[in-house]
Every structure is written in C-alpha cells, then in structure tokens.
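Report on the structure given below.
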Amino acid sequence: MDAFLQSLHSLVVEHRLLVCAILAVVTLLEALMLVGVLIPIMAVMLTAGALIATGSLHPVEVIVWCSVGAALGDAISYLMGRHMGAWAVRHPVLAKHRRTVARARLYTRRYGVLALAVARYLGPLRPFVPMAAGMTRMRDWTFHAANTVTAPVWVVSVLAPGYLAARNLGYWKPDPMLLGTLVAGALLLVATLALVRINKAAPSKA
C-alpha cells in the first residue's frame, strides 16, 4: 500500500502540468450551462488546494491554469447567450431550466458586472449567469474585463480552504498517505455527487 501511495504521489509530481491541464478542463466545463451543474467543482478545488499544501502541485501553475479554464468557460457561455438571444428560453434543451434562466437574466440585469463575480459562488445558478449576460447584450469589453479579473479571484478563494486545512494539520511536506487519502476521498465524492446530479437531471418516467 505504501509503495502504491508513493507511486501515486510521484505520478502527480512528475505530471503536474497534466494535472493542471485537467483542472483547467474541469473549471471550463463547470462554467458551461447544463454541463456545469454536473461538476462538483468545490470537491475538486478543495483537493487541489490540499495538494498545493503538500507540495505536490505548484500554486502559480494551478491558479493560472484554473483561471484560464474558468475564464474560457464563461466566455463560451457568454457567446452562446449572445448567439441564442432572448429565444434561448424557448430552446428544447433549456425547457426544464426556464425558471433558472429567467432568474439568471433578472440577476444579471439587476446587478450587472457584480453578478458575474458573485455568480461564481451560486451553485446551480452559476453556469447560467454568463449565458444570461450574453442574452441581455452586456457589452463585450465589460464582460471580458470582469471575467478576466474575477476568474483568478474565484480560483484563489476556492483553493484556499483545502490549502489552509492541509497546512493547519501540519502537512507541509508531501505525504504519500495523505495524498492517497485525499485523492481516494475526492474521487469517491466526485463520483457520488455526479451520480446524484445525473439522476436528478434525468427525465422522470410517468
């Protein structure tokens, strides 16, 4: 078991850029409508923060990759909203989410740029706000400026709890046992939450 955990730790360290790229893809998907609600992003980012504390991942690399992923995901959702316009609420794919889309549009109209920053912490509503910004024709430069600034702020804020928890427990150096426990727990939590959300999203049978 110790040999396996040591190998796992070495794998993460040796392929940390690949791990960062995976984190970037996860943060990108989390920002997309419909797909985003299935991503347990907090579990992923808490684990990434803990891995930073153990020295397995470099903080700057994780922050840069995740910020790029989050910003790109929001930009894609925004462009989709601009392309679909107000008719998006009538699209068959969004039929079950009309109330959520309506809430996102109202939230965006009322709070403007501030909505983009706060929406990153709003759970199920989060992926729909960038799309709503596009639907309500928020200016391109306004959206992209706010998106670029708020993405790294969000990344740091969601990495911090995992990092501080691992640090306060005294795990300054890479610990294979800690790493294995974190990875196994994170994978189990991600799988469980994904299954729950997929079941909720599946159409109910009459």
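The analysis underlying the following values was restricted to heavy atoms, covering all of them including side chains, and did not include hydrogens, waters or symmetry mates.
- Contact annotation: the side chain of Thr27 never approaches that of Val155 to less than 4.5 Å [non-hydrogen atoms, C-beta and beyond].
- Tracing side-chain contacts under 4.5 Å through hydrophobic residues (I, L, V, M, F, W, Y), one reaches Val129 starting from Val118; they form part of the same cluster.
- Cluster membership check: Leu23 does not share its hydrophobic cluster with Leu17, using side-chain heavy-atom separations under 4.5 Å among Ile, Leu, Val, Met, Phe, Trp and Tyr.
- To the nearest 0.5 angstrom, Met42 atom CE is 9.5 Å from Glu30 atom CD.
- No side-chain heavy atom of Thr148 sits under 4.5 Å from any side-chain heavy atom of Phe143.
- Here the straight-line distance linking atom CD1 of Ile41 with atom CG of Leu29 works out to 9.0 Å at 0.5 Å rounding.
- Without hydrogens or angle criteria, Asn147 side chain to Ala71 main chain gives a donor-acceptor distance under 3.5 Å.
- Ser56 and Arg16 form no side-chain donor-acceptor contact under 3.5 Å, judged by distance and modelled atom types alone.
- For the pair Ser77 (side chain) and Ala31 (backbone), a donor-acceptor distance under 3.5 Å is present.
- The side chain to side chain contact (heavy atoms under 4.5 Å, CB included) with Leu159 is formed by just one residue from the set Ile63, Leu51, Leu46; it is Ile63.
- There is a path of hydrophobic side-chain contacts, each under 4.5 Å, that joins Leu164 to Val158.
- Two residues are said to be in side-chain contact when any heavy atoms from C-beta on lie closer than 4.5 Å; Met138 and Leu116 meet this criterion.
- Cys66 has its side chain within reach of Met45: a pair of non-hydrogen atoms, C-beta onward, lies under 4.5 Å apart.
- Taking 4.5 Å as the limit, some side-chain heavy atom of Asp140 sits within range of a side-chain heavy atom of Arg82.
- You'll find the side chain of Trp154 stays beyond 4.5 Å of the side chain of Ser67, heavy atoms only.
- Residues near Val149 contribute nothing to a hydrophobic cluster around it, because no ILVMFWY side-chain heavy atom sits closer than 4.5 Å to its side chain.
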*What do the steps show when you test Ile22 against Trp65 for side chain to side chain contact (heavy atoms under 4.5 Å, CB included), and what is the final call?*
CA-CA 9 Å; Ile22 293 173; Trp65 281 83; over 6 Å; no
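- For the pair Pro59 and Ile52, the tightest heavy-atom approach, listed with the atom from each and the gap, is CB-CG2, 3.8 Å.
- Taking both residues in full, the closest heavy atoms of Tyr78 and His144 are given as CE2-NE2, 4.2 Å, listed atom of the first, atom of the second, then distance.
- Inter-residue side-chain proximity for Met135 and Thr108 is flagged as unmet; no heavy-atom pair is nearer than 4.5 Å.
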